[in-house]
Amino acid sequence: MSISHGYRASWWTYALHQVPHSNFQFEVVDSNFAPQDWNYQQALLFLAGIAGLCLAISLVLICVYLIRFCCCISQEEDDSKSHRACCVTWSCVAAVIICCAGIGIGFYGNSETNDGVYQVTYSLMNANHTLTSIDLLISDTVELLNSVVKSDLTQLEEVFSKRPEYLVIFRNTRRQVESVAQYLAEISFWKGVDLNPNVVAEQVNFIEDYRWLAYILLLLLDLIICLFTLLGLAKQIKWLVIVMTVVSFFVLLLSWGSMGLEMATAVGLSDFCYDPDGYVMNQTQIVTNISPDILQYYISCYQDVPNPFRQRLTMSQRALSNIHSQLYGLEKEAVPQYPTAEKHLLVVQSMLNTTEGNFHHLVALLNCRGLHKDYVDALKGLCYDGMEGILFLLLFSFLSALSFTAAICSLPRAWKQFQSRDLDYDDMDEDDPFNPQESKRFVQWQSSI
């Protein structure tokens, strides 16, 4: 289980991770996240197939009910018919209300999922900025050091060529400057890596935009069907209720289909979130060929994890200190004797000051806390907000599927009971919630008050 500093797998992640994984041959599959493994893919498809089984059961129930409704209508008394019409109408209204509640849950879940994915993309772009800054800072510093070695330090050696004691110092300074440039170049672990977090963030954001839009359209479609169904029942518009019955059938297919997708996604995401460190480390190492010590340093970021850059940074800092002391001594002793060397020494001193500033900035950027925070923020966005949003979307799909199943069974009987607008309203049941005569009496009663 992941023990990353600042991240703990939630209880729902643990619960979903315990869901049995089985392939198409009903063999137990390891629940460790392995999307590239065919057996693991079969396990997720098997879980998605449960929604397909539920769809088949609901279709069978609908068919049985409609066959009974069409072929086995018993001869009932008028009072019994009126009572049944009222019950059928209320059952339709209850199904629509449950569906509306599911729609509200769906909007919340869609928003939470979007927030979680946005947190992931933001963390990826922030990490890309840090890695790019490290690479750029090292390359600029190394280029500055090399340019000083080729120009000013070479000219200083020519100036002091007749003074062996000064020449030894400058050659030693030159070797140390070259060593610092070499140490810094070796620290640049992200240079030449094919993986670009910014590109990954853009791809994830692109997919999320279409996912968010697809769910918004599905939620709006469900809401429109619910509203028009209530309108058809209230106004007793037979053709409108028939159209909503047909449309509800297609939305029923979408609801069960989205439920299967969400179920497989939730279980797969829980497997990843249960222990993300191992998978992230292995995949990053395969793609980037970065040393495992460096990956472990940034993923764990504990005090007992050694800093893989400490030795090179320490040696660079010592070399810079030695260069600074040597230049300070030469400036006191050699410049009065060789005034022409002052200009070159000032350039080297400026280079040294710039390099020291860049060095301290580099040490701060290389510290694991920055990149580890981005990593933990991405995990929290994906495994907390994202997982929670998917679970709410799963609940929405389930409620929507149940509601439309009940509506498809109830609506045909409801529009079958509709009376013609030309009939006398006195023949209608006074307990019917959509009785026009009852509404008329209510308006008259309000007017008299």
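Residues satisfying the side-chain contact (heavy atoms from CB on, under 4.5 Å) criterion with Ala201, sequence neighbours excluded, are Thr121, Leu124, Met125. Applying the side-chain contact (heavy atoms from CB on, under 4.5 Å) test to Leu59 and every residue at least two apart in sequence or in another chain returns Leu55, Phe249, Leu252. Under the salt bridge (Lys or Arg N to Asp or Glu O under 4.0 Å) criterion, Glu178 pairs with Arg174, not counting sequence neighbours. Residues forming a side-chain contact (heavy atoms from CB on, under 4.5 Å) with Glu27 (at least two apart in sequence, or on another chain): Asn23, Gln25. Qualifying salt bridge (Lys or Arg N to Asp or Glu O under 4.0 Å) partners for Glu186, counting only residues two or more places apart in sequence or in other chains: Arg312. Applying the salt bridge (Lys or Arg N to Asp or Glu O under 4.0 Å) test to Arg175 and every residue at least two apart in sequence or in another chain returns nothing. Checked against side-chain contact (heavy atoms from CB on, under 4.5 Å), Leu395 has the following partners two or more places apart in sequence or in another chain: Ile105, Leu399.
Here the shortest heavy-atom pairing between Leu47 and Met263 reads O-SD, 3.3 Å. The minimum heavy-atom distance between Trp256 and Ser58, with the atom names listed, is NE1-OG, 3.3 Å. Closest non-hydrogen pair, Tyr298 versus His372, comes out as O-ND1, 2.9 Å. Heavy-atom minimum distance, Ala181 versus Asn146: CB-OD1, 3.9 Å. Smallest separation of non-hydrogen atoms from Ile138 and Leu184: CG2-O, 3.1 Å. Heavy-atom minimum distance, Ser10 versus Thr13: OG-OG1, 3.0 Å.
In this structure a side-chain-to-backbone donor-acceptor pair under 3.5 Å is missing from Ser111 to Phe107. Side chain of Ser139 to backbone of Leu136: a donor-acceptor contact under 3.5 angstrom is found. The backbone N or O of Asn358 lies less than 3.5 Å from no partner atom in the side chain of His360, so there is not a single donor-acceptor pair. Looking only at distances, a side-chain donor or acceptor of Asn353 sits under 3.5 Å from a matching main-chain atom of Gln349. Of the possible donor and acceptor atoms, none in the side chain of Thr132 sits under 3.5 Å from a partner among the backbone N and O of His129. Of the possible donor and acceptor atoms, none in the side chain of Ser400 sits under 3.5 Å from a partner among the backbone N and O of Phe396. A donor-acceptor pair is defined here as one N or O able to donate and one able to accept, closer than 3.5 Å; such a pair exists between the side chain of Ser258 and the backbone of Ser255.
Counting heavy atoms from C-beta on, the side chains of Asp222 and Phe404 come closer than 4.5 Å. By the 4.5 Å heavy-atom criterion applied to side chains, Thr141 and Leu144 are not counted as neighbours. No side-chain heavy atom of Ile299 sits under 4.5 Å from any side-chain heavy atom of Val305. Phe46 is not listed as a side-chain neighbour of Val29, based on a closest heavy-atom distance of 4.5 Å or more. Within the 4.5 Å cutoff, side-chain heavy atoms of Tyr279 are placed close to those of Phe272. Side-chain contact between Leu16 and Met387 is present, with at least one heavy-atom pair separated by less than 4.5 Å. In this structure, the side chains of Ile290 and Trp190 come closer than 4.5 Å at one or more pairs of heavy atoms. In this structure, the side chains of Leu61 and Cys409 stay at 4.5 Å or more apart for every pair of heavy atoms.
Within a 6.0 Å radius of CZ in Phe250, other residues, nucleotides and ligands contribute 12 heavy atoms or fewer. Atom CD of Gln311 is surrounded by 12 or fewer heavy atoms from other residues, nucleotides or ligands within 6.0 Å. Around the CD atom of Gln285, the shell of radius 6.0 Å holds more than 12 heavy atoms that belong to other residues, nucleotides or ligands.
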Full working for side-chain contact (heavy atoms from CB on, under 4.5 Å) between Leu394 and Met259: CA-CA 6 Å; Leu394 179 62; Met259 179 179 171; 3.6 Å; yes
Test log, rule disulfide bond (SG atoms under 2.5 Å apart), inputs Cys226 and Cys100: CA-CA 7 Å; Cys226 292; Cys100 291; 4.1 Å; no
Derivation of the side-chain contact (heavy atoms from CB on, under 4.5 Å) call for Phe392 and Thr113: CA-CA 9 Å; Phe392 276 107; Thr113 305; over 6 Å; no
side-chain contact (heavy atoms from CB on, under 4.5 Å) evaluation trace for Val251 with Ile225: CA-CA 9 Å; Val251 177; Ile225 293 174; 3.2 Å; yes
From CA spacing to verdict: side chain to side chain donor-acceptor pair (under 3.5 Å), Asn198, Asn196: CA-CA 5 Å; Asn198 200 35; Asn196 190 336; 5.2 Å; no
Candidate pair Arg211 and Asn110, rule side chain to side chain donor-acceptor pair (under 3.5 Å), full reasoning: CA-CA 9 Å; Arg211 186 212 63 81; Asn110 195 38; 3.0 Å; yes
side-chain contact (heavy atoms from CB on, under 4.5 Å) between Ile134 and Leu362, intermediate numbers included: CA-CA 6 Å; Ile134 292 173; Leu362 180 63; 3.9 Å; yes
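Counting only residues at least two apart or on different chains, the side-chain hydrogen bond (donor to acceptor under 3.5 Å, both in side chains) pairs with a member in residues 37-48 are Tyr40-Asp271. Among pairs with a residue in residues 204-232, those fulfilling ring pair (Phe, Tyr, Trp, His ring centres under 6.0 Å) read Phe206-Tyr210, at least two apart in sequence or across chains. Applying the salt bridge (Lys or Arg N to Asp or Glu O under 4.0 Å) test to pairs two or more places apart or on separate chains, none has a residue in residues 119-132. Within the structure, every pair that satisfies the disulfide (SG to SG under 2.5 Å) test and touches residues 343-377, not counting sequence neighbours, is listed here: Cys301-Cys368. Applying the salt bridge (Lys or Arg N to Asp or Glu O under 4.0 Å) test to every pair with at least one member in residues 375-397, sequence neighbours left out, gives these pairs: Lys373-Asp377.
One distance of note links CG of Asn114 with CG of Leu213; it measures 11.0 Å at 0.5 Å rounding. Atom CG in Asn32 sits 6.0 Å away from atom NE2 in His17 (nearest 0.5 Å). Expressed to the nearest 0.5 Å, how far CG of Asn126 lies from CG of Leu131 amounts to 10.0 Å. Distance check: Leu391 CG to Glu262 CD gives 9.5 Å after rounding to the nearest 0.5 Å. The OH atom of Tyr274 sits 5.5 Å away from atom OH of Tyr14, with the distance rounded to the nearest 0.5 Å. If you take SG on Cys383 and CD on Gln119, they are separated by 12.0 Å, rounding to the nearest 0.5 Å.
In this structure, Tyr7 has its ring center under 6.0 Å from that of Tyr384. The distance between the ring centers of Phe309 and Phe189 falls below 6.0 angstrom.
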